[in-house]
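What you are looking at is a predicted structure, and each value in this text was computed from that prediction instead of being measured.
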Amino acid sequence: MANLSVNIGKLQLSNPVMTASGTFGYGEEFTPFIDINRLGAYIIKGTTLNHREGNDYPRMVETPSGMLNAVGLQNKGVDYFIEHIYPRIRSLGSKLIVNVSGANVDDYAETARRLHGLDDVSAIEVNISCPNVKEGGMAFGTTTNGAAEVTRAVRQAYPDKTLIVKLSPNVTSIADIAKAVEAEGADSVSLINTLMGMSIDVERRKPHLSTVTGGLSGPAVRPVAVRMVWQVAKAVSIPVIGLGGIMNGRDAIEFMLAGATAVEIGTANFIDPAVTMKVIDFMEDYCIRHGINDINEIVGCI
């Protein structure tokens with residue numbers, strides 16, 4: 001049996017398969033379908049400092065080979081999570097990672113600080129695709145300065161546990177953004193977040209989404225995601241986590257060959273809630289078929 005364990009900074013995972021935030025709820029919703037403990041890690045839905053209602057409906061629409069979403073980070077805030085949700089999920093198994101979002105730098109830092117004391121939270125993933133309210137709505141992750149500022153503040157508030165920064169693909173040079181967050185102490189980067197897209201109902205002559213635009217995910221984005229993972233893996237020395245349209249084990253291996261140490265599975269969870277188990281099984285079989293003793297051997301072969 002091949003070794004499937006991988007390291008994300010100081011965090012060791014039993015295998016490279018993780019779940020993408022926003023597609024896996026709080027993990028407990030999937031316990032009727034899979035053994036959570038088999039996952040390398042699971043990343044729960046986005047958590048913010050304060051309660052957020054999210055965007056008006058409709059906020060999801062199917063598109064060719066994918067979907068658009070504009071949920072708007074609906075959640076009850078970090079304190080509610082700590083008091084009510086964390087006690088329920090802390091012992092589900094596997095490594096628990098909390099996705100963190102914010103409207104300004106102080107929000108990010110304070111949310112991270114409150115999560116730091118939770119023993120069973122193995123890491124945080126910082127979503128820098130959120131709009132910076134002080135900069136006219138431009139996302140933090142679209143400039144090197146913005147990405148660096150958030151990472152620096154979160155690193156100070158979350159000093160000795162694994163910090164993953166989730167990168168936006170809606171930029172000119174994602175490698176430059178990755179290098180900026182690496183320089184400020186990120187232990188890993190995950191990419192890609194959703195691509196900006198739009199869909200119109202031609203009969204009603206109105207956008208399908210209440211917000212007009214939304215985030216595109218699913219198989220349609222995978223070639224873009226693989227390319228960006230390949231670029232970033234060559235630009236940084238920290239581990240890269242790949243995501244974007246992974247639907248099966250073959251897709252996951254493709255990301256690892258491009259340079260990803262681990263992968264996150266997102267939209268596919270909506271189609272098959274047991275897809276993560278099938279990807280792990282595929283990885284085990286792939287290693288046997290190709291005579292691979294350690295899955296780390298294939299990372300960045302391209």
### Message
Using the rule given for side-chain hydrogen bond (donor to acceptor under 3.5 Å, both in side chains), can you reason through Ser21 versus Glu125, listing the C-alpha separation, both sets of side-chain angles and the distance that settles it, and then say yes or no?
### Response
CA-CA 9 Å; Ser21 174; Glu125 180 186 56; 5.1 Å; no
### Task
For Ser94 and Leu39, indicate whether the former's side chain and the latter's backbone hold a donor-acceptor pair under 3.5 Å.
yes
### Message
Hydrophobic clusters here meaning ILVMFWY residues chained together by side-chain heavy-atom distances under 4.5 Å, can you tell me if Met247 and Val263 are in one?
### Response
no
### Query
Looking at CD1 of Ile298 and SG of Cys287, how far apart are the two atoms once the value is rounded to the nearest 0.5 Å?
6.5 Å
#### Entry: Flag side-chain contact, heavy atom, 4.5 Å: Ile36 against Thr31
yes
### Nearest heavy-atom neighbours spanning Pro16 and Leu4
CD-O, 3.3 Å
### Message
Run Thr267 and Ser217 through side-chain hydrogen bond (donor to acceptor under 3.5 Å, both in side chains) and show every step you take.
### Response
CA-CA 7 Å; Thr267 301; Ser217 64; 2.7 Å; yes
#### Entry: Side-chain donor-acceptor pair present, Asn296, Asp294, cut-off under 3.5 Å
yes
### Task
For residues Tyr86 and Leu115, determine if any side-chain heavy atom of one lies less than 4.5 Å from a side-chain heavy atom of the other.
no
### Task
Please check if Ile265 and Met60 belong to a single hydrophobic cluster, counting links between Ile, Leu, Val, Met, Phe, Trp and Tyr side chain heavy atoms closer than 4.5 Å.
no
### Message
Quick check for you: to the nearest 0.5 Å, what is the distance between Asn269 atom CG and Glu264 atom CD?
### Response
11.0 Å
#### Entry: Test log, rule side-chain contact (heavy atoms from CB on, under 4.5 Å), inputs Val126 and Tyr158
CA-CA 11 Å; Val126 178; Tyr158 199 79; over 6 Å; no
#### Entry: Spacing of Leu11 atom CG and Ser122 atom OG [to the nearest 0.5 Å]
5.5 Å
### Message
Ignoring hydrogens, what is the shortest heavy-atom contact between Phe24 and Tyr42? Give both atom names and the distance.
### Response
CE2-CB, 3.8 Å
### Message
Quick check: is Phe255 connected to Tyr286 through a chain of hydrophobic side chains (ILVMFWY, heavy atoms under 4.5 Å apart)?
### Response
yes
### Message
Does Glu62 have more than 12 heavy atoms from other residues, nucleotides or ligands lying within 6.0 Å of its CD?
### Response
no
### Message
Main chain of Gln74, side chain of Lys45: is a donor-acceptor contact present, judged purely on distance under 3.5 Å?
### Response
yes
### Query
Are there more than 12 heavy atoms of other residues, nucleotides or ligands under 6.0 Å from atom NZ of Lys161?
yes
### Query
Given Leu92 and Tyr26, is the side-chain contact (heavy atoms from CB on, under 4.5 Å) satisfied, shown in steps?
CA-CA 10 Å; Leu92 280 181; Tyr26 289 109; over 6 Å; no
### Query
Is there side-chain contact between Ile177 and Ile128, with at least one heavy-atom pair below 4.5 Å?
yes
### Message
If I compare all heavy atoms of Ile34 with all of Ala274, which pair ends up nearest, and what's the gap?
### Response
CG2-CA, 3.5 Å
### Message
Strictly distance-based, threshold 3.5 Å: is any side-chain N or O of Thr151 a donor or acceptor partner for the main-chain N or O of Glu184?
### Response
no
### Query
Does one hydrophobic cluster hold both Phe270 and Leu209, with members joined at side-chain heavy-atom distances below 4.5 Å?
no
### Query
Would one find more than 12 heavy atoms of other residues, nucleotides or ligands at under 6.0 Å from atom CZ of Arg205?
no
### Summary
Distance col, row Leu243:CG vs Met18:CE, nearest 0.5 angstrom, shows 9.5 Å
### Atom pair CD1 (Ile280) and CG (Asp285), whose distance is rounded to the nearest 0.5 Å
14.0 Å
### Task
Report yes if the side chains of Met283 and Ile295 come closer than 4.5 Å at any heavy-atom pair, otherwise no.
yes
### Query
Below 4.0 angstrom, N of the basic side chain to O of the carboxylate: do Arg250 and Glu254 qualify?
no
### Task
Decide side-chain hydrogen bond (donor to acceptor under 3.5 Å, both in side chains) for Asn145 and Thr143; before the verdict, give the C-alpha distance in whole Å, the side-chain angles of both, and the deciding distance to 0.1 Å.
CA-CA 5 Å; Asn145 287 341; Thr143 67; 6.0 Å; no
### Query
Taking all non-hydrogen atoms of both residues, which atom of His116 and which atom of Pro159 are closest, and how far apart?
NE2-CD, 3.5 Å
#### Entry: Same apolar cluster: Leu195 and Val71, side chain cutoff 4.5 Å
no
### Query
Between Asp201 and Val61, does a side-chain contact (heavy atoms from CB on, under 4.5 Å) hold up when you go through it step by step?
CA-CA 11 Å; Asp201 184 328; Val61 61; over 6 Å; no
### Task
Check whether any side-chain N or O of Glu29 sits under 3.5 Å from a backbone N or O of Gly27 as a donor-acceptor pair, and report yes or no.
yes
### Task
State, to 0.1 Å, how close Gly185 and Leu163 come at their nearest heavy-atom pair, and which atoms those are.
O-CD2, 4.4 Å
### Message
Between Arg155 and Asp187, does any side-chain N to carboxylate O distance fall below 4.0 Å?
### Response
yes
### Non-hydrogen atoms of Val221 and Leu216 that approach each other most closely
CG1-O, 3.5 Å
### Query
Going through the checks in order, is the salt bridge (charged side-chain N to carboxylate O under 4.0 Å, His left out) test met by Glu149 and Arg152?
CA-CA 5 Å; Glu149 184 182 10; Arg152 185 184 314 121; 5.9 Å; no
#### Entry: Test item: Met228 and Leu167 side chains (from C-beta on) under 4.5 Å apart, heavy atoms
no
#### Entry: Approximate separation, where rounding is to 0.5 Å, of Thr276 OG1 and Asp35 CG
9.5 Å
### Query
Strictly by modelled atom types, are Asn193 and Ser129 linked by a side-chain donor-acceptor pair under 3.5 Å?
yes
### Query
Does the Asn75 side chain pair with the main chain of Leu73, one donor and one acceptor, at a distance under 3.5 Å?
yes
### Query
Is a donor on one side and an acceptor on the other found under 3.5 Å between the side chain of Tyr108 and the backbone of Leu49?
no
### Message
I want to check something: taking the side chain as every heavy atom from C-beta on, are Val165 and Val154 in contact at a cut-off of under 4.5 Å?
### Response
no
### Side-chain ion pair, Lys179 and Glu182, N-O less than 4.0 Å
no
### Message
Please check this pair: side chain of Asp56 against backbone of Ser210, looking for a donor-acceptor N/O pair closer than 3.5 Å.
### Response
no
### Message
I'd like to know if the side chain of Lys234 and the backbone of Gly300 have a donor-acceptor N/O pair within less than 3.5 Å.
### Response
no
### Task
List for me each residue that meets salt bridge (charged side-chain N to carboxylate O under 4.0 Å, His left out) alongside Arg90, sequence neighbours excluded, and say none if there are none.
Asp120
### Query
Is there a donor-acceptor pair closer than 3.5 Å between any side-chain N or O of Thr213 and the backbone N or O of Met198?
no
### Query
Which is it for Ile44 and Asn99 under the side-chain contact (heavy atoms from CB on, under 4.5 Å) test, yes or no, and what are the steps along the way?
CA-CA 6 Å; Ile44 64 169; Asn99 181 278; 5.7 Å; no
### Message
I'd like to know if the side chain of Asn50 reaches the main chain of Gly77, judged simply by a donor and an acceptor atom lying under 3.5 Å from each other, with no hydrogens or angles considered.
### Response
no
